[in-house]
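Contents: one structure, followed by commentary.
For the single chain, residues carry numbers from 1 onward in sequence order.
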Amino acid sequence: MTISSDMEFILRIFVAALLGSAIGLEREYRAKEAGFRTHFLVGLGSALFMVVSQFGFNEVLSHVAHASFDPSRIASQVVTGIGFIGAGTIIFQKHVVRGLTTAAGLWVTSAIGLTAGAGLYLLAVTATLLVLLCLEAMNVMVKRFGTRQIMVTFSSPDRETVRRMLDSLQGADVEIDSYNMKPQEEGERKLLTVTIEMKIRRADYQRHIMDFMHEFNGVSVESIE
């Protein structure tokens with residue numbers, strides 16, 4: 001290896017880490033499961049694996065007659081290995097799967113790292129820009145047109161109040177997926193504890209929550225998730 005080739009390899013892993021960081025910053029800003037450091041390391045590591053896979057064994061092979069190798073043999077394992085990291089960001093919580101986009105972001109970050117490690121800088125930069133465009137454009141569209149699933153737990157003194165609350169939510173174009181009502185005693189008071197899973201337009205999310213909390217007398221909101 002020469003100094004010029006070493007500098008080329010350093011440039012490759014530097015570019016990969018930089019591009020991975022760009023995606024990681026976006027994920028960090030959105031407070032997602034995997035942020036700047038994770039994407040930085042995935043991009044850097046993927047590029048390093050690609051460089052080692054392509055050039056790491058040239059000296060050994062030069063001393064072995066009739067030897068051949070597949071330069072993608074190590075790099076191809078990155079595709080499998082990144083699945084374990086991506087799986088760690090996926091959470092199944094209260095009937096909702098979270099973290100799929102972040103897992104896909106880690107997967108494509110590893111691909112970008114491999115691309116930069118192979119010296120295909122323009123392709124790696126273009127892919128990074130497309131990823132950022134997708135994430136930001138979809139975030140704007142989801143906020144404006146998408147829905148959010150929330151779960152609200154509250155207590156009410158009687159069934160009539162619960163019925164009026166459900167009618168009010170349905171009249172406000174809130175989609176109720178399910179609700180569960182259980183009687184509960186607090187001293188001499190008898191209350192009904194109600195848990196509702198609903199879908200609300202993201203654009204109206206805060207307004208609906210505030211109305212929900214203040215519109216009905218005698219209703220105590222215990223949790224909103």
Can you give me the closest heavy-atom contact between [X] and [Y], atom names plus distance?
| X | Y | answer |
| --- | --- | --- |
| Arg12 | Ala47 | O-CB, 4.2 Å |
| Leu132 | Ala22 | CD2-O, 3.6 Å |
| Ser46 | Val78 | OG-CG1, 3.6 Å |
| Val51 | Gly117 | CG2-O, 3.7 Å |
| Val42 | Leu106 | CG1-O, 3.7 Å |
| Thr115 | Ala124 | CG2-N, 3.8 Å |

Which distance, rounded to the nearest 0.5 Å, do you find between the [atom1] of [X] and the [atom2] of [Y]?
| X | Y | atom1 | atom2 | answer |
| --- | --- | --- | --- | --- |
| Phe36 | Glu26 | CZ | CD | 14.0 Å |
| Thr109 | Leu114 | OG1 | CG | 11.0 Å |
| Leu44 | Phe49 | CG | CZ | 10.5 Å |
| Ile23 | Thr102 | CD1 | OG1 | 11.5 Å |
| Gln77 | Ile82 | CD | CD1 | 13.0 Å |
| Ser21 | Arg27 | OG | CZ | 15.0 Å |

According to a 4.5 Å side-chain heavy-atom criterion applied to Ile, Leu, Val, Met, Phe, Trp and Tyr, with indirect links allowed, do [X] and [Y] form part of one hydrophobic cluster?
| X | Y | value |
| --- | --- | --- |
| Val125 | Val131 | yes |
| Met50 | Val52 | yes |
| Leu19 | Leu11 | yes |
| Val108 | Leu129 | yes |

I'd like to know if the side chain of Ser110 reaches the main chain of Trp107, judged simply by a donor and an acceptor atom lying under 3.5 Å from each other, with no hydrogens or angles considered.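 The answer is yes, because a donor-acceptor pair under 3.5 Å joins these two groups.
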
side-chain hydrogen bond (donor to acceptor under 3.5 Å, both in side chains) pairs, two or more places apart, involving residues 116-130: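 Listed by first then second residue: Glu8-Tyr121.
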
Does any pair with a residue in residues 117-136 pass salt bridge (charged side-chain N to carboxylate O under 4.0 Å, His left out), and if so which ones, sequence neighbours excluded?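 Counting only pairs at least two positions apart or across chains, the salt bridge (charged side-chain N to carboxylate O under 4.0 Å, His left out) contacts touching residues 117-136 are Arg30-Glu136.
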
